[in-house]
Peer 1: 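If you scroll down you'll find the structure; I have some questions about it.
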Amino acid sequence: MAEQLKWFKDDTLHQKYYPGNKLYKHYQDDVWGIPPHNDRSIFEQYTIGMFAAGLSWNASFLKYPELTKAYHNWDFGRIAKMGDDEVKAMLDNPKLIRNERKIRATISNAETVIKLQDKYGSLDNYFWQQMDYFQWRFRVPTISSLGTTIPLGDKIAKQMKKDGFKYAGPVSAYSFIVSIGLINARLDGKGFEDDPKSLIKPYSEQGAKYF
């Protein structure tokens with residue numbers, strides 16, 4: 001019997017950083033593809049992905065501790081109230097990713113999250129209701145098999161833009177919904193939503209969508 005793969009053999013980041021880089025190891029083992037069901041964590045993952053776009057993984061994630069500190073531990077209530085003085089301080093801080101458009105987009109996105117919480121009860125619910133509360137599961141042999149976007153990613157990106165999110169293009173939205181487990185593509189089974197107490201409907205062969 002062939003050994004079941006625990007990670008994608010063609011993932012160059014895994015080959016380069018796992019398990020030596022603690023930040024990467026934590027992200028791979030405990031974050032990617034696992035539904036957090038926590039609004040702050042969801043906002044954090046979206047924001048980190050936004051800042052990482054166009055940069056190498058190491059360049060962006062090495063700044064993660066300082067980003068977390070600067071953005072008030074991802075408290076979007078506090079981030080939404082950030083003004084020009086804090087923006088200027090961030091632009092002057094070499095430990096951060098100093099992109100003014102993305103900094104202001106983060107503040108705007110925090111305001112959007114608060115509005116969505118009022119409307120949907122939580123940011124978590126906002127995303128899962130777009131999935132009809134069913135988790136999609138991709139059975140793919142390689143990371144490249146995931147592609148860069150799919151119609152579902154395009155649909156959610158369009159809705160996110162409509163609701164006020166900045167930097168919600170189809171490619172970034174698709175990467176994001178995979179990272180928070182709306183679509184689970186992990187090979188090790190982590191993040192599968194089988195708990196009847198979870199927000200998502202209990203797993204069944206009829207309910208879960210396989211691709």
Peer 1: For the residue pair Asp10 and Ser144, confirm or rule out a side-chain donor-acceptor distance under 3.5 Å.
Peer 2: yes

Peer 1: Work out which heavy atom in Lys166 is nearest to a heavy atom in Ala105; give both atom names and the distance.
Peer 2: CB-CB, 3.6 Å

Peer 1: Can you confirm whether the side chains of Asp29 and Tyr18 place a donor and an acceptor under 3.5 Å from each other?
Peer 2: yes

Peer 1: Report yes if some heavy atom in the side chain of His26 is under 4.5 Å from a heavy atom in the side chain of Trp32; otherwise report no.
Peer 2: no

Peer 1: Measuring from atom CE of Met50 to atom CZ of Phe176, what distance do you get when rounded to the nearest 0.5 angstrom?
Peer 2: 11.5 Å

Peer 1: Does any non-hydrogen side-chain atom of Lys25 lie less than 4.5 Å from one of Tyr17?
Peer 2: no

Peer 1: Tell me whether Ser175 contacts the main-chain N or O of Ser172 through its side chain, where contact means a donor paired with an acceptor under 3.5 Å.
Peer 2: no

Peer 1: Looking at Phe61 versus Tyr27, is the centre-to-centre ring distance below 6.0 Å?
Peer 2: yes

Peer 1: Begin with the C-alpha distance, continue with both residues' side-chain angles, and end with the deciding distance and a verdict on side chain to side chain contact (heavy atoms under 4.5 Å, CB included) for Phe138 and Arg186.
Peer 2: CA-CA 8 Å; Phe138 282 7; Arg186 294 186 65 102; over 6 Å; no

Peer 1: Of all the heavy-atom pairs spanning Lys190 and Asn184, show the shortest one and how long it is.
Peer 2: O-ND2, 2.9 Å

Peer 1: Could you give the side-chain donor-acceptor pairs of residues 80-87 under 3.5 Å, partners two or more places apart or in another chain?
Peer 2:
from	atom 1	to	atom 2	distance (Å)
Asp84	OD1	Arg104	NH1	3.2
Asp84	OD1	Arg104	NH2	3.3
Glu86	OE1	His72	NE2	3.2

Peer 1: State whether Tyr167 and Lys102 meet the cation-pi test: NZ (Lys) or CZ (Arg) under 6.0 Å from the six-membered ring centroid, and within 45° of the perpendicular axis.
Peer 2: yes

Peer 1: Does some side-chain heavy atom of Thr106 sit less than 4.5 Å from a side-chain heavy atom of Phe43?
Peer 2: yes

Peer 1: Tyr46 side chain to Ala168 main-chain N or O, any donor-acceptor pair under 3.5 Å?
Peer 2: yes

Peer 1: Going through the distances and angles, do Ile103 and Met90 end up as a side chain to side chain contact (heavy atoms under 4.5 Å, CB included)?
Peer 2: CA-CA 8 Å; Ile103 292 171; Met90 288 182 170; 3.8 Å; yes

Peer 1: Is Phe76 close to Glu44 at the side-chain level, that is, under 4.5 Å between some pair of heavy atoms?
Peer 2: no

Peer 1: Tell me, do Ile180 and Pro36 make a side-chain contact under 4.5 Å, heavy atoms counted?
Peer 2: yes

Peer 1: Indicate the atoms forming the closest heavy-atom contact of Trp74 with Arg40, along with that distance.
Peer 2: O-CG, 2.9 Å

Peer 1: I need the Ile97 CD1 to Leu91 CG distance, nearest 0.5 Å.
Peer 2: 12.5 Å

Peer 1: Sub-3.5 Å donor-acceptor pair from the side chain of Gln135 to the main-chain atoms of Gly191, do we have one?
Peer 2: yes

Peer 1: Measure across Ser60 and Ala52 and return the closest heavy-atom pair with its distance rounded to 0.1 Å.
Peer 2: OG-CB, 3.5 Å

Peer 1: How far does CG of Leu55 sit from CG of Leu62, to the nearest 0.5 angstrom?
Peer 2: 11.0 Å

Peer 1: Which residues pass the salt bridge (charged side-chain N to carboxylate O under 4.0 Å, His left out) test with Glu66, sequence neighbours left out?
Peer 2: Lys69

Peer 1: To the nearest 0.5 Å, tell me how far Arg137 CZ sits from Arg139 CZ.
Peer 2: 8.5 Å

Peer 1: To the nearest 0.5 Å, how far apart are CG in Asp163 and NZ in Lys158?
Peer 2: 12.0 Å

Peer 1: Classify the side-chain pair Thr47/Asn109 by whether it contains a donor and acceptor separated by less than 3.5 Å.
Peer 2: no

Peer 1: Give the minimum heavy-atom separation between Gly77 and Ile114, together with the two atoms involved.
Peer 2: CA-CD1, 4.0 Å

Peer 1: Would Gln28 and Tyr24 count as having a side-chain donor-acceptor pair, cut-off 3.5 Å?
Peer 2: yes

Peer 1: Is Val178 reachable from Val171 through a run of hydrophobic residues whose side-chain heavy atoms are each under 4.5 Å from the next?
Peer 2: no

Peer 1: Side chains of Leu13 and Asp11, heavy atoms from C-beta outward: is any pair under 4.5 Å?
Peer 2: yes

Peer 1: Could you check whether any side-chain N or O of Gln129 sits under 3.5 Å from a backbone N or O of Tyr126, counting only pairs where one atom can act as donor and the other as acceptor?
Peer 2: yes

Peer 1: Counting only N and O atoms by type, is there a donor-acceptor contact under 3.5 Å from the side chain of Ser41 to the main-chain atoms of His37?
Peer 2: no

Peer 1: Under a 3.5 Å cutoff, is there a donor and acceptor pairing between the side chains of Gln130 and Tyr120?
Peer 2: no

Peer 1: Say whether, by atom type as modelled, one donor and one acceptor occur between the side chain of Tyr174 and the main chain of Leu146 under 3.5 angstrom.
Peer 2: yes

Peer 1: State the CH2-CD1 distance between Trp136 and Ile183, to the nearest 0.5 angstrom.
Peer 2: 6.5 Å

Peer 1: Which heavy atom of Thr142 sits nearest to which heavy atom of Phe8, and what is that distance?
Peer 2: C-CD2, 3.6 Å

Peer 1: Residues two or more places apart in sequence or in another chain: which of them pass side chain to side chain contact (heavy atoms under 4.5 Å, CB included) with Lys88?
Peer 2: Asp92

Peer 1: If you group Ile, Leu, Val, Met, Phe, Trp and Tyr by side-chain heavy-atom gaps below 4.5 Å, do Val140 and Leu182 land in one group?
Peer 2: yes

Peer 1: Please test Phe51 against Leu96 for side chain to side chain contact (heavy atoms under 4.5 Å, CB included), starting from the C-alpha separation and ending with a verdict.
Peer 2: CA-CA 10 Å; Phe51 274 107; Leu96 302 178; over 6 Å; no

